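Predicted model only: the values in this text are computed from it and were never measured. Hydrogens, waters and symmetry mates play no part in the numbers below; they use all other heavy atoms, side chains included.
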Amino acid sequence: MKLSHLNPPQREAVLTTDGPLLVLAGAGSGKTRVITHRIAHLLEKKVQARSILAVTFTNKAASEMKERVLQLAGQKALGVTLCTFHAFGAEVLREHLSKLGWPKKFAIVDTGDQLALIRRAMKDRKIDDRAFDARKVLTIISRAKNSGVDPQPKPEGQGDDYDLVAHLVFPLYQLALKAQGAVDFDDLLVFPSRLFTEFPKVKQAYAARFRYVMVDEYQDTNRAQLDLLVHLAGEHQNVCVVGDDDQCIYSWRGAEVRNILDFERHFPGGKEIRLEQNYRSTPVILDAANAVIEKNPERRAKRMWTDTLGGARIRSVCAPSEEEEARFVAQEIKKAIAEGFPPDEIAVLYRVNGLSRAVEENLRELGVYYEVIGGSEFFDRREVKDVIAYFRVIANPKDEISLLRIVNVPSRGIGDVTMERLTAWALKHEVPLWEGLTRASEIEELPQGAAEKVGEFVALVERYRKRFTKGKLAEVTRELLAEIDFAQVARANAPSIASGDRKVKAVSQVIESLEAYEKKEGPKASLLTYLNRLALDMKSEEDEPEHQRGRVTLMSLHGSKGLEWRVVFMMGLEEDLLPHSGMQGEPANPPEERRLCYVGMTRARERLVLTRSATRIKRGKELPRTPSRFLADLPEDLVDVLDLGAVPVGPPSAKELNFFDALRAKLKAGKDSEPPKPT
DNA sequence: CCGTGGTAATTTTTT
DNA sequence: ATTACCACGG
């Protein structure tokens, strides 16, 4: 590895291997490069690969970094542990969770399960689940867990009662998780810390193994992550964190910029290195991004600079409709590829994952290969969830949420009444619900017919549980689905042929993903590890397609942090979208939205295109949109503005007028007249 | 206990 | 616009 293509501060960061090190690195200053070179340098110094730990925030960033380290240091880099905080936590728990009273094999619940557990706990506490949004309750619980305290009610009738609800629900929620041998995402961070506190020997083993610890995107760590880091690096203090307070975009998840500002307090006697020279973007892009971020009140004074010159002007494009915005982006991508930009050097970024859809359609039409990162609409499909729930029940009978989900899917005559009775019985005897099912015939409250049907279901699950232990996961799944007639039932329930086809296809994609996992994992493949992996990285495993390289990337602004492309499109630069208006109740966070915009802009090396639409369809209604305030902050001389054509916004159309007239007439005439049919 | 038809609610970002 | 959930009849 050569150090010559690093600038002096970068080199210093790479060579400072021992003791605490804080690298304050602005966008494009070679942050990732410092980490990757540092790893390579350590390996060259004959540090064992297995002693090195590097953590990132997203799976995408982790895999990107893995690739770069591999290029730099070769095969021996394979031994380096390079993963997300959560994946690291899961690894620790896989070894030691039983010490905290959990079963050895545990499941990781997803957000849907979390909400189901919250709702059930609310019911147990006699809290109306319509008066309180389970999502909000979960947010409060999650925030509390991540900051290391139990949810507490507000002192004196301050604010709403959500804190009280969370306080009441939390113990039940945590108990329910334990009862089904599961942990949630937050536990993946919190439990290792607790483990390290309660079992110093375990901690020492990890601290001794991981002599060199590196953290990327340190500005986005929350309390739980900081605790974990302090535990890991407390002994040897060889901890290197890299971050930029201007790129803190996860405060909704409890990220504390303070962590980066207080680094010296947590790891005394360390060194601080600042990287302010930007090597990534043209001065045009950099100046524009700086103009946006400078409007933020609370930030450490810092200005990224570059010694390169020129660069194409930024384009700010307004389309009349979201459809045309997407078409424009797709066409421009095609043009850029024709100009010679490789597809994998082009990205489309947006604030909400929903914006990818229209672009996807247009790219497909134009025959451009693309890859959508994040936004797991696929796993939200009902059929997919059902199949996964089958896996969960088979892998872990104590998973009651999944059990309740599939016990009657497809309909097999086990209805709510039966399940109510079984649940009551299990509760009375203090056994898991599954045990109630296995002993259905002994339960007097259950009619014989119901007990028989339950017995058949139990037999089905147990038969397949045995079969799934013998490998051939995908094959056994196919047989299971055939046995329960999954495809046929899905088709029968579908409103149209096409929709039925989609359902069946989605299910076969699950099997393909399982098959790919099996192939990759070899003989140690198991349903539970497949499920836990799925939970940590909600993208389906794919067989690497031939054109794996050379695909345009579509992802959210959050996902793009730490990555870069020669050409970047940012979509939806509109008020309420970027900056996003917070969910009702939760206030929006304008400074963070601004940072998000800054992060997106600074992903671009050569070309940046900002698009918006004058209208957008929301809840079936077309609404006019106002341009994002961030567009107004761009220096005029750096931007070319393009309007793709105004849309007539004005008085309602004749058609609409007719409709309302008819409606009025109808109301006057009474109920007997025909309702008008607008088209 | 199952299917149907009507009504209500739906929209952040990641692990 | 689409989907989830409820009340009701078979």
Side-chain angles (χ1 to χ4, degrees), chain A residues 55-62 83-90 108-111 114 129-130 133 135 139 142 145-146 183-190 217 220-222 224-225 248-255 349-357 373-377 379-382 407-421 447 449-450 453 489 492-493 495-496 499 532-539 555-562 572 576-589 592-593 595-597 599-600 616-623:
Chain A
V55 276
T56 62
F57 270 78
T58 60
N59 293 299
K60 178 77 179 161
C83 59
T84 63
F85 263 110
H86 291 83
F88 176 77
I108 302 170
V109 296
D110 61 27
T111 313
Q114 288 182 285
D129 66 349
R130 269 196 282 234
D133 178 8
R135 267 198 136 74
T139 307
S142 171
K145 281 172 107 165
N146 276 306
V183 299
D184 65 17
F185 286 123
D186 305 320
D187 293 332
L188 293 177
L189 305 175
V190 175
E217 312 288 1
D220 279 322
T221 48
N222 60 30
Q225 287 161 324
C248 177
I249 54 175
Y250 281 95
S251 57
W252 49 275
R253 210 170 74 178
L349 308 178
Y350 32 74
R351 176 66 229 262
V352 293
N353 285 310
L355 290 194
S356 74
R357 265 251 311 260
I373 313 286
S376 56
E377 249 173 77
F379 287 98
D380 285 340
R381 297 189 64 106
R382 172 197 276 269
V407 69
N408 205 27
V409 175
S411 305
R412 49 170 74 87
I414 306 174
D416 293 344
V417 179
T418 304
M419 288 317 286
E420 282 301 329
R421 288 178 181 153
K453 282 170 182 153
V489 174
N493 289 335
S496 70
S499 149
N532 281 352
R533 203 186 163 108
L534 215 55
L536 285 173
D537 191 356
M538 261 309 192
K539 73 175 197 289
M555 64 170 26
S556 71
L557 287 165
H558 282 89
S560 74
K561 191 177 58 160
D576 296 344
L577 197 50
L578 182 64
H580 197 276
S581 57
M583 278 204 319
Q584 87 281 16
E586 296 293 311
N589 183 175
E592 179 143 318
E593 296 298 316
R595 289 193 290 269
L596 210 40
C597 183
V599 166
R616 215 166 271 279
I617 294 167
K618 230 179 174 185
R619 261 179 252 179
K621 281 270 173 288
E622 192 181 75
L623 297 172

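Remark: P of B:dT13 and CE of A:M555 are 13 Å apart, rounded to the nearest angstrom. B:dT14 atom C1' lies 12 Å from atom CD of A:Q114, rounded to whole Å. Residue A:H86 contributes atom NE2, which lies 8 Å from atom C1' of B:dT14 at whole-angstrom precision. Atom pair A:R135:CZ and B:dT10:P shows a separation of 10 Å (rounding to whole Å applied). Nucleotide B:dT13 holds its P atom 14 Å from the CG atom of A:L349, rounded to whole Å. At whole-Å resolution of the value, CZ in A:R616 and C1' in B:dT11 are 12 Å apart. A:W252 has its CH2 atom 8 Å from the P atom of B:dT13, to the nearest Å. In this structure, the CD1 atom of A:I617 is 11 Å from the P atom of C:dT2, given to the nearest Å.
The same atom, C1', is picked in B:dT11 and in C:dA4; the two are 15 Å apart, to the nearest Å.
Set against B:dC1, B:dT14, B:dT15, the side chain of A:V417 has B:dC1 as its closest nucleotide. Here B:dT15 is the nucleotide among B:dT14, C:dA4, B:dT15 with the atom lying nearest to any side-chain atom of A:F185. When the nucleotides C:dA4, B:dT15, B:dT13 are ranked by their closest atom to the side chain of A:N353, B:dT13 comes out on top.
Expressed to the nearest 0.5 Å, how far CH2 of A:W252 lies from OG1 of A:T139 amounts to 10.0 Å.
In terms of phosphate contacts, A:N59 brings no side-chain nitrogen or oxygen within less than 4.0 Å of OP1 or OP2 of B:dT14. For A:N146 and B:dT15, the shortest distance from a side-chain N or O to OP1 or OP2 is not below 4.0 Å.
Considering all non-hydrogen atoms of both residues, A:Q225 and A:L189 come closest at CG-CD1, 3.8 Å. The two residues A:F85 and A:V55 have their closest heavy-atom pair at CZ-CG2, 3.8 Å.
In this structure a side-chain-to-backbone donor-acceptor pair under 3.5 Å is missing from A:D220 to A:A255. A donor-acceptor pair is defined here as one N or O able to donate and one able to accept, closer than 3.5 Å; no such pair exists between the side chain of A:N353 and the backbone of A:G374. At distances below 3.5 Å, at least one donor-acceptor pair connects side-chain atoms of A:N408 with backbone N or O atoms of A:G413.
For A:R412, the side-chain hydrogen bond (donor to acceptor under 3.5 Å, both in side chains) partners two or more places apart in sequence, or in a different chain, are A:Y390.
Among the heavy atoms of the strands, none lies under 4.0 Å from A:D184. A:T418 comes within contact range of the sugar-phosphate backbone alone, with a heavy-atom separation under 4.0 Å but no base atom that close. At the heavy-atom level, A:L557 lies nowhere under 4.0 Å from the strands shown. Within 4.0 Å (heavy atoms only), A:K618 reaches at least one base atom of the nucleic acid. Among the heavy atoms of the strands, none lies under 4.0 Å from A:F85.
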Taking only nitrogen or oxygen atoms into account, show me every contact under 3.5 Å that the protein makes with nucleotides 3-6 of chain B, one pair per line with its distance.
from: B:dG3; atom 1: OP2; to: A:S411; atom 2: OG; distance (Å): 3.3

